[in-house]
*Asks:* 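Before anything else, here's the structure in question.
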Number of protein chains: 2
Amino acid sequence: MNYYSTQITNLIEELRHLPGIGSKSAQRLAFHIINMPQEHVDHLAEVLVTARKKVRYCSVCCTLTDTEICPICASTKRDHSTIMVVEHTKDLAAYEKTGQYNGVYHVLQGTLVPSMGKGPDEIRFKELEKRLDQDDPRIKEVILATNSSLDGEATAMFITKKIKPRGIKITRIASGVPIGGELEYIDEVTLSRALDRRIEL
Amino acid sequence: MNYYSTQITNLIEELRHLPGIGSKSAQRLAFHIINMPQEHVDHLAEVLVTARKKVRYCSVCCTLTDTEICPICASTKRDHSTIMVVEHTKDLAAYEKTGQYNGVYHVLQGTLVPSMGKGPDEIRFKELEKRLDQDDPRIKEVILATNSSLDGEATAMFITKKIKPRGIKITRIASGVPIGGELEYIDEVTLSRALDRRIEL
C-alpha cells in the first residue's frame with residue numbers, strides 16, 4: 001500500500017480492521033473522510049471516543065447504555081414481570097421497533113458456543129439469575145428470544161434447564177416461515193420446523 | 001432510534017452518514033466500536049483527525065498526500081517526461097499496483113460533468129496546463145486515463161482539444177477497460193493491457 005502517503009495508508013489500515021469493511025470500502029471511506037470539512041472529522045472522532053467512554057452495561061438488564069440503569073429498566077410504564085432474554089442490544093432494538101412488547105429485557109451479550117468451549121460464565125447469565133433471585137416485582141415469565149441458530153438454541157436450552165426449577169413460566173419465541181417470505185428461498189430446517197409446529201386453524 | 005441511549009444513537013447516526021454504510025452496517029460498526037478497548041478507539045479517532053489535518057494536494061500533480069510534493073513527483077527514478085492523467089488518487093493507486101508504469105501522474109480530482117454544468121474550473125486542469133507551460137523536463141507524452149464513463153470520456157476529449165495545439169503526444173488508455181467500469185475495481189492484468197495498447201489521439 002505504499003502508493004499512498006503515510007497518513008492515508010494509516011487511515012485505510014485502521015478502517016480496514018472494522019467489521020464488514022474490506023480494502024476497497026476502507027479506501028473509499030478514507031478518501032471521503034479526507035474530503036470532509038475538518039470540523040466534521042473532529043466531531044466524528046469525538047463521537048467515537050465519547051460513545052466508547054460513556055457506554056456501559058445497564059446494571060439491571062446488561063444492555064449497552066450510557067446511564068447506570070437503561071431507560072427501559074428505569075421506566076415505570078413497562079411490565080417488569082416479563083423478561084425477554086436476547087443475545088445483543090441490537091436484538092432488543094429489533095423488538096422495540098415492533099412496538100408490540102411492553103415487558104423488560106435481559107441482554108446476554110452473546111451466546112454459549114459449545115463448539116468453541118464458550119460457557120455460561122462468558123455471557124451475562126449470572127446477572128439473569130441474580131434478577132430472578134431478587135424477584136422484585138414477582139417475575140411471571142421469561143421469554144427466550146435468542147436467535148434460532150445452533151448456538152442460540154443451545155443457549156435457550158441451557159437457560160431453560162437452569163431456571164425451570166424456579167417454577168417460572170418460560171417461553172420461546174416461535175420459529176417458522178417469516179411473514180412475506182417465499183417458500184422457495186427458505187432453508188430446509190426452517191421449513192421442517194414450520195411444518196412440525198403447524199397450528200390448527 | 002430511541003431504543004438506544006443517546007451516545008449509541010449519536011454514534012450510529014454519525015456512521016450512517018459515511019458512504020456505503022447503511023443503517024444495519026452503522027449499527028454493527030457502532031457496537032464493534034463500543035466493544036473495542038478504549039485505547040484502540042482513541043487511536044482510531046486520532047488517525048481520522050490527523051489524516052484529515054495533514055493530507056493536502058501535491059503541489060505538482062494534485063494527488064492527495066501528506067507532503068508538499070508527493071513521493072512519486074519527488075522521485076528521481078520516475079520518468080518525468082510522461083504524465084498519466086487520472087481522475088482520483090485511488091486511480092493512481094490502481095495503476096501503481098500494476099507495477100507497469102514508471103511515469104508521473106496528474107490527478108484531476110474529478111471530471112467534467114457536462115450534464116450538471118461542472119466545468120474545467122472545478123477540476124485540477126489549470127494545474128496540468130501550468131505543468132505543460134513550465135515544460136521541465138520536456139514533457140513528451142500525456143496519457144489520458146480517465147474512466148471510460150460518459151464524463152471520463154468527455155473529460156479526455158476536452159483535455160485533448162485543449163492541449164493538442166502544443167504538439168505534445170497525447171494518448172488514451174485502450175478500451176480494454178469495460179465501458180462504464182471504474183478503474184479502482186479493475187484487475188491489474190486488464191489495467192496493464194490497457195496501458196500497453198494505448199492509442200495516440
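Chain letters run A, B, ... following the sequence lines, proteins first, then strands; residues in each count from 1.
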*Asks:* Would you sort out whether A:Glu127 and A:His106 count as a side chain to side chain donor-acceptor pair (under 3.5 Å), showing the intermediate values?
*Replies:* CA-CA 9 Å; A:Glu127 288 83 347; A:His106 190 83; 5.3 Å; no
*Asks:* What residue, out of A:His43, A:Arg56, A:His40, A:Glu46, has the most heavy-atom pairs lying under 4.5 Å from chain B?
*Replies:* A:His43
*Asks:* What's the spacing between B:Ile139 CD1 and B:Asp133 CG if we round to 0.5 Å?
*Replies:* 9.5 Å
*Asks:* What option among A:Leu64, A:Asn10, A:Ile72, A:Asp42 has the most heavy-atom pairs under 4.5 Å with chain B?
*Replies:*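 Answer, by heavy-atom pair count under 4.5 Å with chain B: A:Leu64.
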*Asks:* Would you please test A:Asn147 and A:Thr111 for side-chain contact (heavy atoms from CB on, under 4.5 Å) and show each step?
*Replies:* CA-CA 9 Å; A:Asn147 287 325; A:Thr111 57; over 6 Å; no
*Asks:* Do A:Glu141 and A:Ser81 have side-chain heavy atoms sitting under 4.5 Å apart?
*Replies:*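 Side-chain contact under 4.5 Å: no.
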*Asks:* I'd like to verify something: which residue of A:Leu18, A:Asn35, A:Thr63 has the highest number of heavy-atom pairs under 4.5 Å with chain B?
*Replies:*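 Option with the top pair count is A:Leu18.
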*Asks:* Could you look at B:His17 and say if it's the side chain, the backbone, both or neither that has a heavy atom under 4.5 Å from chain A?
*Replies:* backbone
*Asks:* Side chains of B:Arg124 and B:Val107, heavy atoms from C-beta outward: is any pair under 4.5 Å?
*Replies:*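 They are not in side-chain contact.
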*Asks:* Out of A:Thr89, A:Asp66, A:Val47, which one racks up the most heavy-atom pairs below 4.5 Å with chain B?
*Replies:*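 Of the options given, most contacts go to A:Asp66.
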*Asks:* Give, as side chain, backbone, both or neither, the part of B:Lys53 having an atom under 4.5 angstrom from any heavy atom of chain A.
*Replies:*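 Answer is both: backbone and side chain atoms of B:Lys53 are under 4.5 Å from chain A.
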*Asks:* Measure B:Val55 against the heavy atoms of chain A and call it side chain, backbone, both or neither at under 4.5 Å.
*Replies:* side chain
*Asks:* Might you confirm whether atom CG of B:Leu150 has over 12 heavy atoms from other residues, nucleotides or ligands at distances under 6.0 Å?
*Replies:*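 No - once you tally the heavy atoms of other residues, nucleotides and ligands closer than 6.0 Å, there are 12 at most.
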*Asks:* Which bit of A:Lys90 comes within less than 4.5 Å of chain B, counting heavy atoms only: side chain, backbone, both or neither?
*Replies:*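 For A:Lys90, backbone and side chain are both near chain B.
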*Asks:* Taking B:Lys54, B:His88, B:Met36 one by one, which has the highest count of heavy-atom pairs under 4.5 Å against chain A?
*Replies:* B:Met36
*Asks:* Please check if atom NZ in A:Lys24 has more than 12 non-hydrogen atoms from other residues, nucleotides or ligands closer than 6.0 Å.
*Replies:* yes
*Asks:* Under 4.5 Å heavy-atom distance to chain A, tell me which part of B:Thr6 shows up: side chain, backbone, both or neither.
*Replies:*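 Answer is both: backbone and side chain atoms of B:Thr6 are under 4.5 Å from chain A.
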*Asks:* At a 4.5 Å cut-off on heavy atoms, which part of A:Thr65 comes close to chain B: side chain, backbone, both, or neither?
*Replies:*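 For A:Thr65, heavy atoms of backbone and side chain both lie under 4.5 Å from chain B.
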*Asks:* How long is the span from the OG1 atom in B:Thr155 to the CD atom in B:Glu87, to the nearest 0.5 Å?
*Replies:* 6.5 Å
*Asks:* If you tally heavy-atom pairs under 4.5 Å against chain B, which of A:His32, A:Arg52, A:Gln38, A:Gln7 wins?
*Replies:* A:Arg52
*Asks:* Out of A:Thr67, A:Leu15, A:Leu29, which one racks up the most heavy-atom pairs below 4.5 Å with chain B?
*Replies:*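 When all of A:Thr67, A:Leu15, A:Leu29 are compared, A:Leu29 has the most.
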*Asks:* Kindly determine whether A:Arg16 and A:Glu13 satisfy salt bridge (Lys or Arg N to Asp or Glu O under 4.0 Å), including the steps that lead there.
*Replies:* CA-CA 5 Å; A:Arg16 218 166 49 79; A:Glu13 276 302 297; 3.2 Å; yes
*Asks:* Identify which part of B:Leu92 has an atom lying under 4.5 Å from any heavy atom of chain A, answering side chain, backbone, both or neither.
*Replies:* side chain
*Asks:* Hey, is the main chain of B:Val104 close enough, under 3.5 Å, to the side chain of B:Tyr101 for a donor-acceptor pair?
*Replies:* yes
*Asks:* Does any heavy atom of chain B fall under 4.5 Å from the side chain of A:Tyr105, the backbone, both, or neither of them?
*Replies:*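 For A:Tyr105, neither part sits under 4.5 Å from chain B.
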